[in-house]
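Any value given below was found using the heavy atoms of this structure, including those in side chains, with hydrogens, waters and symmetry copies removed.
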Amino acid sequence: MTGANSFSVSRYGPERAGWTRIFARDSLTRRLDWPILFAATGLSLLGSLLVYSATRNRTELNQGDPYFFLVRHLMNLGIGIALMIGTLWLGHRALRNAVPILYGLSVLLALVVLTPLGATINGQRNWLVIGGFSLQPAEFLKVSIILGMAMMLAARVDAGDKPYPDHRTVFQSLCLAAVPILILLLMPDLGSVLAMVAIILGVLLASGASNRWVFGLLTAGVIGCIAIWQLHILDEYQINRFAAFANPDLDPAGVGYNTNQARIAIGSGGLTGAGLFHGSQTTGQFVPEQQTDFVFTVAGEELGFVGAGFIIFLLGVVLWRACRIARDSTELYGTTVAAGIVAWFAFQAFENIGMTLGIMPVTGLPLPFVSYGGSSMFAVWVAIGLLQSIKVQRPMSA
């Protein structure tokens with residue numbers, strides 16, 4: 001007998017020993033955050049049903065194939081999960097060294113949108129169409145800003161040189177974030193800009209930077225919004241959206257049509273809904289862009305308060321586990337990356353659901369994991385991979 005491990009192999013065979021390693025206390029399987037993985041997968045699969053319900057009868061969109069959007073949503077989910085696995089395999093620490101390259105590529109893609117190669121979809125010129133495949137660079141800019149700011153803010157802190165980021169480091173990180181924001185304002189893509197502002201605030205708060213920076217950014221944001229409005233930087237359709245938000249009765253058959261129909265759909269669902277694939281508003285195609293921006297209305301109408309509440313519950317699980325990962329990280333870099341993802345998901349979920357209820361203006365932000373769209377699905381699953389990497393690479397004693 002050569003030891004306990006050898007005994008277990010000879011007695012139970014190499015297959016049993018392999019399973020023992022897989023489920024050992026320090027194995028990858030045991031260290032993954034399964035609640036966040038199950039919640040994200042549940043949201044994506046539930047989203048596939050909602051997308052199918054919203055598009056199966058829309059022949060002008062699905063090219064005569066009722067499963068057109070369902071198949072592509074599931075394909076996007078499969079690619080997203082593969083990207084999560086790849087991100088986990090590389091690790092957030094290894095990606096830290098590649099941040100300049102990732103940041104440069106995402107900014108370059110966003111700049112290409114401003115050239116004749118950019119495409120306008122649903123009134124927004126923030127897309128690239130390559131060989132029939134549409135790409136929205138703004139989604140990848142969100143990941144790049146999180147990684148870039150986290151790398152800069154945590155560099156000297158994780159090295160032990162500083163207890164928290166100094167003013168110079170904070171200023172440099174804000175300059176890094178300002179470049180993509182300016183590009184998005186030129187498109188203009190106000191929804192993504194607002195999401196990135198939320199990300200920046202979340203990263204700064206988690207980094208331990210002086211609160212003066214946070215209050216200064218909030219003040220600058222208010223001044224910037226006023227300047228954008230006064231300088232007429234927004235397109236007419238964006239101005240109309242804010243006008244409809246301020247006064248839903250302003251033009252119920254025009255600019256206020258989307259939000260009014262969305263509230264009707266959600267309100268008609270009641271407690272348990274009309275049943276999946278049986279919503280009159282959804283079947284009658286009254287709600288525009290129901291597979292993307294207004295996918296939550298399908299849940300409200302067909303699954304009711306219970307189904308819509310379950311989606312919010314799953315989103316809450318994702319945010320709760322991400323907050324746990326940020327709190328338990330033993331390095332500032334991991335904490336700030338996780339905090340940026342929390343701010344991103346929280347703001348985007350609140351904005352998307354809020355605009356369907358009429359408590360937030362329509363900005364075109366998708367509901368994470370649920371809305372149809374490859375770029376959004378890829379980006380959020382990369383974020384899940386980053387969260388899993390932070391959780392897995394944390395020392396067991398932490």
Side-chain angles (χ1 to χ4, degrees), residues 72-73 75-84 86-87 90 92 94-152 172-200 203 233 235 238 292-293 337 340-341 343-345 347-348 363-366 368-369 371-386:
R72 279 155 181 77
H73 185 87
M75 288 176 59
N76 291 336
L77 172 58
I79 296 172
I81 292 177
L83 289 173
M84 179 208 65
T87 303
L90 290 172
H92 69 290
L95 287 173
R96 185 175 189 168
N97 299 324
V99 165
I101 298 174
L102 297 175
Y103 176 83
L105 287 175
S106 60
V107 169
L108 180 61
L109 284 175
L111 285 172
V112 173
V113 174
L114 301 177
T115 70
L117 296 176
T120 301
I121 300 178
N122 299 327
Q124 291 184 312
R125 187 180 177 80
N126 55 5
W127 295 85
L128 289 175
V129 178
I130 305 172
F133 181 78
S134 57
L135 189 70
Q136 194 172 18
E139 297 297 328
F140 304 105
L141 282 174
K142 297 169 186 175
V143 179
S144 297
I145 283 184
I146 291 173
L147 291 175
M149 290 191 66
M151 179 193 70
M152 297 185 70
Q172 290 173 339
S173 69
L174 292 177
C175 289
L176 178 141
V179 174
I181 287 179
L182 290 175
I183 296 173
L184 292 174
L185 285 173
L186 293 175
M187 291 182 184
D189 186 355
L190 186 60
S192 294
V193 170
L194 293 175
M196 289 185 183
V197 170
I199 289 171
I200 292 169
V203 170
I233 295 177
D235 286 341
Q238 292 174 315
T292 53
D293 299 351
V337 168
I341 294 172
W344 167 19
F345 287 178
F347 175 82
Q348 201 155 304
T363 58
L365 288 175
F369 304 101
S371 292
Y372 175 81
S375 300
S376 174
M377 187 70 78
F378 302 159
V380 296
W381 276 101
V382 166
I384 293 296
L386 289 170

request  = Check step by step if side-chain contact (heavy atoms from CB on, under 4.5 Å) holds for Trp381 and Leu77.
outcome  = CA-CA 8 Å; Trp381 276 101; Leu77 172 58; 3.5 Å; yes
request  = Take Leu190 and Thr363 through the test side-chain contact (heavy atoms from CB on, under 4.5 Å) and record every step on the way to the result.
outcome  = CA-CA 7 Å; Leu190 186 60; Thr363 58; 5.7 Å; no
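In this structure, Ala383 and Ile341 approach most closely via the heavy-atom pair O-CD1, 3.5 Å. Taking all atoms of both residues into account, the shortest heavy-atom contact from Asn76 to Gly373 is ND2-C, 3.9 Å. Closest non-hydrogen pair, Met149 versus Ala177, comes out as SD-CB, 3.9 Å. Residue Ala195 comes nearest to Leu365 through the heavy atom pair CB-CD1, 4.4 Å, listed as atom of the first residue, atom of the second, then distance. Here the closest heavy-atom approach between residue Tyr372 and residue Arg72 is recorded as OH-CB, 3.6 Å. Between Gly340 and Val203, the shortest heavy-atom distance links the atoms CA-CG2, 3.7 Å.
No side-chain heavy atom of Val337 sits less than 4.5 Å from a side-chain heavy atom of His92. Residues Val143 and Trp344 have side chains in contact (heavy-atom distance under 4.5 Å, counting atoms from C-beta outward). Residues Met377 and Pro368 are not in side-chain contact: their nearest non-hydrogen atoms beyond the backbone lie 4.5 Å or more apart. At least one side-chain heavy atom of Leu128 sits under 4.5 Å from a side-chain heavy atom of Pro137. Taking the side chain as every heavy atom from C-beta outward, Val382 and Phe140 never approach each other to under 4.5 Å. Residues Gln136 and Asp189 meet the side-chain proximity criterion, which asks for heavy atoms closer than 4.5 Å. Using a 4.5 Å heavy-atom cutoff, the side chains of Ser371 and Asp293 are not in contact. Leu141 places none of its side-chain heavy atoms less than 4.5 Å from the side chain of Tyr103.
Here the NZ-OG distance, from Lys142 to Ser192, works out to 4.5 Å after rounding to the nearest 0.5 Å. Considering CD1 of Ile384 and OG1 of Thr87, their distance stands at 10.5 Å, rounded to 0.5 Å. Between Ser144 atom OG and Leu102 atom CG the span is 6.0 Å, to the nearest 0.5 Å. Taking CE from Met196 and CD1 from Ile200, the interatomic distance works out to 8.5 Å, rounded to the nearest 0.5 Å. A distance of 9.5 Å separates CG of Asn97 from CE of Met151, quoted to the nearest 0.5 Å.
Remark: Ile101 CD1 is loosely packed, at most 12 non-hydrogen atoms of other residues, nucleotides or ligands lying under 6.0 Å away.
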